[in-house]
Amino acid sequence: MATASLVFAGKAVATPVISYMLNKAFTYLVNYWRTEDMESVKAELLKMLPHVQAVFDAVDWDNIKEQSAALDAWLWQLRDAVEEAEDSLDELDYHRLKEEVKARDEQEASGSVSKLKGKLIRKLTKHVPKNGMLKRLKESVEGLHKAIAGVKDFMGFVNKVGVVNHFMDYELKMKGKQFETSSRSTAIEVFGLEKEKDIMIKWLTEPTGNDPADTNLRIFTIVGHGGFGKTTLAQLIYNEKKVQNCFDICIWVSVSSHFDALSITKSIIEAISKETPPANRLETLHAILEDRLISKRFLLILDNVWNDNDINEWEKLFAPLRIGGTGSIILVTTRMKSVGDIAGYALGLKVQHLKLDGLLEKDILMLFNKHAFSGLNLDCCKNLHLLGEQIVKKISGCPLAAKVIGAHLRDNMNYMYWEKILQEDLQNLQLGMDGIMKVLRLSYHHLPANLQLCFRYCSIFPPGYRFGRKELVEMWLGSGMISQTEDETKALEDIGGQCLDQLARKSFFEFISEEMDGVVVEEYYSMHDVLHDLAQVVSSGECLRIGGIRSMKIAKTVRHLSVRIVDSVHLKELCHLNNLHSLVIEFVGDDPSMSYSIAFDEILKRFNSLRLLCVTAKCWFDIPDTVSKLVHLRYISLFSTKRSFLVSVHKLFSLYHLETLKIMEYSEGKMLKLNGMCNLVHLRNLYVPYDTISSIPQIGKLTCLEYLSAFNVQRKIGYTVCELKNLARLRHLHLRDIQNIDTREVLDANLKEKKHMRTLSLHWSSHEVVTENTDDQVLDDFQPQSGLEGLNIIGFSGTKFPFWMTNSYLVNIVSLKIINCGKVEHLPSLANLCSLKSLSFLRLPLLTSMGFLFHGCGKVLIGYSHPLISSPKSPTGISEGTDYIDSDSKFFPSHLCTLVIRGCPKLMELPTLPLRLKHLKILSSGLMFLPKMYHNYYNREGSLPSLNESQLTSMRIEDCPNLTSFADCFLQQNFCQVSLREIHIYQCEKLKHLPPNGFAELVNLQILKISDCPMLKDGGMEVKLLPSSVEQLTIRSCGELEDMLVGSLAGLKALSNICLSQCTHLTSLASANTFETLTTLRSSQESMKSLLKIETLRIDDHTLLFVEPLRSMHFTKELTISDDHVMTSLPDHWLLQNHLLQNLMIFNAKALQCLPSSLAHLCHLQSFTLRNAPLVNSVPNLPASLSNLTLGSCCTILADRCRKGGHDWSKIAHIPLMNAALRTTFSSACKSFEFHPSLLFPVDECFKAAKQVEGLSLHAYILYPYPSIDGVKIFINQISAVTVRVLKANQSM
């Protein structure tokens, strides 16, 4: 369906959308209406469309009202008319779908196939839209005709300004002299950017690596939003003597928005010769430039570049630059990462990007003060300093905003004015500042029309929102932001995903992937606050987000609204929004009378055009009956903390256009009316609890379904695997309870023919005792299509994996997880899965080996899949240090990035690891030694591999009882010693030997944690075990090696965190001279340079605080004392000495008798945790700064005293967040309960314990096949605010 809002994306989109709608409308009218008088209307409409397009092209969309108030009014009138026509067509489509569903149901009920066919034909033949619908369509076409006819009033305007492309016109206006730059900085003083400057100077001046591909010419970019200091940083670098001394020629060219290779080449020549070149032809200019650059090492800075689509211009520009001397560099400043990507592609080089995210708060404050208080007596302005600091916190690190706002406030040094700006007008001030918005708007106007529309829509989300990829794309689709006007073969979801990718490449979004031990736990997109402000500006009148309705007047033109309702009477403020397409609404309060539902039902009757509805209800609420009449709805998301929406879900079953349904809550065991769910024939995405999906009969009728999070195979009609047969559009499928399957029906699932399938999970939940195990055949028959990207196999009880899993059939497989397969002893080779990046083996108790990859010769270079090398010795072009293995050696796929092995106690050895591996995690396994790494495969032409160094950044080895030594493994290979950043070694009880040189050769190692390895020996080593790069060090129960590790502390200048625990073999702490070398841990104050500046300290013996060097510490911000069973009191004097303490945590202090009164004097303390201290029966006065108090597993007397009205209540009542641990008495005054389990958690017990808690925040990391959050059903109605966040492996929910 064409989308009316696309008309107002501007440019060439307008005419095709309107034309499409007109043709569809007249098709209906010709078939079902007397149209003698309508032919002339159609002809006239089509004739006027070019004039409409001409006006669209001529309009300055930022200044429509300034150009013409009448034009602005006509454009909204036209949009209303287009949307009215769209609604009329959509209503007819709805009627058609309704009749088709009715005919389908009648067909099934009749029972006779022959009768069915005839009845269906007759039914569809009789399908005639109601006259009322056709009349409305006719009237909407006439209304559109009237609106379009109004274009004649503005043709004079078009003729006056000329039919020009507004985008190019805007570029020309913005390309004035004020936007041209030079290498000379206009800033008298620069704040911040020191770190970024050092990084860039290091990149530009240090020699390149061994990779011959980038020795002649390299390319770097500085990427950042407008006003973030890109040009200033480039100017600092350009004028740095160290940089200039490294190059024969330094060149600065200001490019701006118009990217033309010829003019830029002329500018380069002019910058070198200081003369305008006498030629205007590219051939001549290239020859001149080559003469100037031949064999010269040059630095070329291209400032403010925008071209990210015309690669031909880039190639023409770079053609003569390749002749420069070795080490020449091109530095590009740009707002969009995609600019650097296309430039690197044109050169055939990898680009390094430096992203500017804004200045630190202290630097922004200095910049703000410079412009706000410049030339003034600071003593006279002291009352404004605190306000200035608060204003700076809201500027989000943007230097331009600090400069412009500071200068503005300098003209009005009145306290009341500053306070008003801070409390009410700061955002409006920023949005209205010409300097800020002018710079930011330029980024927006460089976007294509469809991306502008998607970007504007994002203004309805709050600042700092974490956009889930699928969530955002689905909301775009539901609200009509995505159109299929260009490529009708491509799925709308794919088009939406491409839009998001393009916005990310153009730096409007930043993609963030959060990992834990190499496992992705959450992926999302974020938008910088300044871009969110920009989205609000450019979407004014169309999109709106308000935190709460007071006296704010909402424009009737608003189409997309996000609002928070605190009182049901405020709903009447929305009643005039008749054209609303998207409504995201949150109800808060505690009104049990259902007044919200009643008032909302009345308001919804006015929202006849609604496409998207998201409701969050933190009060008593029910699905309004009116929802069932909103026939245009595509997207519904419902969540309530008081009452289940699922019990009323049947009200939605007549919404035939519905594409996405989300009800993320629980049915509380009530019987649900789900028989009508199959009416939702356009449903693509279904998000309801697992037990609800299992109750949906005949889900196979939802033939448009793309996302099915859990299909539970059952042994009854309507719930068998045959239901999957017609779900041809499935992209994501989790198939559960496969043990219930009838083996004769497996092929009916037709997985191999589901061409869109991307991820597949096959889950056997339990196994009955059977005479013959059929799992091998079942898994073989479940062969998916070859384009599958993610595969999970869980609970498989067979012994062999199918051939399709291990050969090159799954050419696109990126992620593979094999979990809880209790009978698998051998895994075949996976080396042919050339796209595989993430591989997990979890709880495979019988696994003993992984497969071989055979070769046809005696010896081959490690990692080669075919015998291309004629000699077993070092082949031509291969370094002498390359490893060789026998032909029967085993290795993992060459592109593997993450490898996780857990719970494989019989697995003694691993295949060789690839150089591309980034994360290695081995837990609870029988490994006897660590493997080596190999170089990449040769490609088909036999060219050299492009990767010469390992990419491994983190490794975690835990609970490997057979592991005895780290000798002769990848840690000793030269190409593995640069990339490693983190090493975690835990509970390896037989581990005796580290690498011969310890970890000293891992020159970039930042985090090293060794714990519970009591057999470690020094082996007579007399070397320094640690590199100087170490920042965090944990040593716990490390046997004889404890003294050597502590003795290696000297010179660790980067060390900022050290933890020594249960070091029973440690004879002494390091010497005072050693601590003198730990510069990061030392005070920067001249009078205290001899004192350690350790911000985080964790100890298990409090007496360590009474001896040097810990006794003299003054700067600790976090102290943890755990497992000290003799401590009777906390070190009073030491606590007061460290007055900056923010976090204090005491664990397992069974002898601790009381808490000191000195806690009240720790004025910076924010968090205090006390767990398992049974003798403590009271709390002292606590500081006003404390915001988080946790008391866990303490005596019941303490719990009683901390209740509301108890003896100690007055001491803790001011604390916003009080946490209690499980299995303890809960205070009825407790406002929030937080539970952070590691993996498996007792859900029911958690909720029982939290029964009386007013707020609940549950965070859990769950890795299949652990129970999902679906088990949380108890007491949910007794908790007023529940936020459930479940993070599954490689999935964000």
Side-chain angles (χ1 to χ4, degrees), residues 361 386 389-390 393-394 422-423 462-466 547-548 564 566 586-590 616 618-619 641-642 1096 1117-1120 1135 1139-1147 1155-1171 1173 1176 1178-1194 1198-1222 1224-1237 1246-1247 1249-1260 1275 1278-1285:
E361 189 175 305
L386 181 59
E389 291 176 7
Q390 295 178 60
K393 291 180 184 294
K394 297 186 177 183
L422 173 64
Q423 300 298 335
Y465 188 80
R466 292 186 171 191
R564 190 170 186 260
V566 296
E586 178 184 13
F587 294 100
V588 296
D590 196 20
T616 299
K618 297 178 180 177
C619 58
T641 61
K642 290 286 188 181
T1096 301
K1117 293 184 178 180
E1118 180 178 312
L1119 171 65
T1120 301
L1135 290 175
H1139 62 283
L1140 297 177
L1141 197 68
Q1142 296 177 358
N1143 300 315
L1144 176 60
M1145 289 172 281
I1146 312 296
F1147 300 110
L1155 299 176
S1157 60
S1158 59
L1159 289 178
H1161 303 295
L1162 298 177
C1163 57
H1164 291 89
L1165 191 66
Q1166 298 174 7
S1167 176
F1168 176 44
T1169 299
L1170 179 68
R1171 292 189 186 276
V1176 177
S1178 66
V1179 295
N1181 289 321
L1182 297 172
S1185 60
L1186 195 66
S1187 60
N1188 192 328
L1189 173 64
T1190 299
L1191 303 174
S1193 298
C1194 297
L1198 179 62
D1200 290 336
R1201 291 175 66 96
C1202 291
R1203 293 181 185 277
K1204 190 172 184 178
H1207 290 293
D1208 291 339
W1209 171 247
S1210 60
K1211 302 173 184 177
I1212 64 175
H1214 65 284
I1215 303 172
L1217 183 62
M1218 287 179 280
N1219 302 342
L1222 289 175
T1224 60
T1225 303
F1226 279 76
S1227 166
S1228 61
C1230 185
K1231 298 296 182 185
S1232 178
F1233 170 77
E1234 290 192 63
F1235 178 45
H1236 296 259
C1246 172
F1247 270 76
K1251 182 176 180 180
Q1252 297 178 346
V1253 182
E1254 295 180 15
L1256 176 69
S1257 177
L1258 177 61
H1259 299 264
F1275 303 115
Q1278 300 167 15
I1279 302 169
S1280 62
V1282 183
T1283 301
V1284 179
R1285 187 181 182 198

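Closest approach of Lys1211 to Val1179, counting heavy atoms only: NZ-O, 2.9 Å. Residue Asn1188 comes nearest to Ile1215 through the heavy atom pair N-CG2, 3.8 Å, listed as atom of the first residue, atom of the second, then distance. Closest of all the heavy-atom pairs between Leu1186 and His1214 is O-CD2, 4.3 Å. Nearest heavy atoms, His1139 versus His1164: O-ND1, 3.3 Å. Residue Leu1141 comes nearest to Glu1118 through the heavy atom pair CD1-N, 3.8 Å, listed as atom of the first residue, atom of the second, then distance. Closest non-hydrogen pair, Ala1173 versus Leu1170, comes out as CB-CD1, 3.7 Å.
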Which atom pairs, donor and acceptor, lie under 3.5 Å between side-chain atoms of residues 1155-1163 and protein residues at least two apart or in another chain?
unit_1, atom_1, unit_2, atom_2, d
Ser1158, OG, Asp1132, OD1, 2.2

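Within the model, atoms CH2 of Trp1209 and CZ of Arg1201 stand 14.5 Å from one another, a figure rounded to the nearest 0.5 Å. Rounding to the nearest 0.5 Å gives a distance of 9.0 Å between CG of Leu1191 and CZ of Arg1171. Here the straight-line distance linking atom NZ of Lys1117 with atom CD of Gln1142 works out to 5.5 Å at 0.5 Å rounding.
With hydrogens and angles disregarded, a donor-acceptor distance shorter than 3.5 Å links the side chain of Ser1185 to the backbone of Leu1165. Ser1167 contributes no side-chain N or O that, together with a main-chain N or O of Asn1143, makes up a donor-acceptor pair within less than 3.5 Å.
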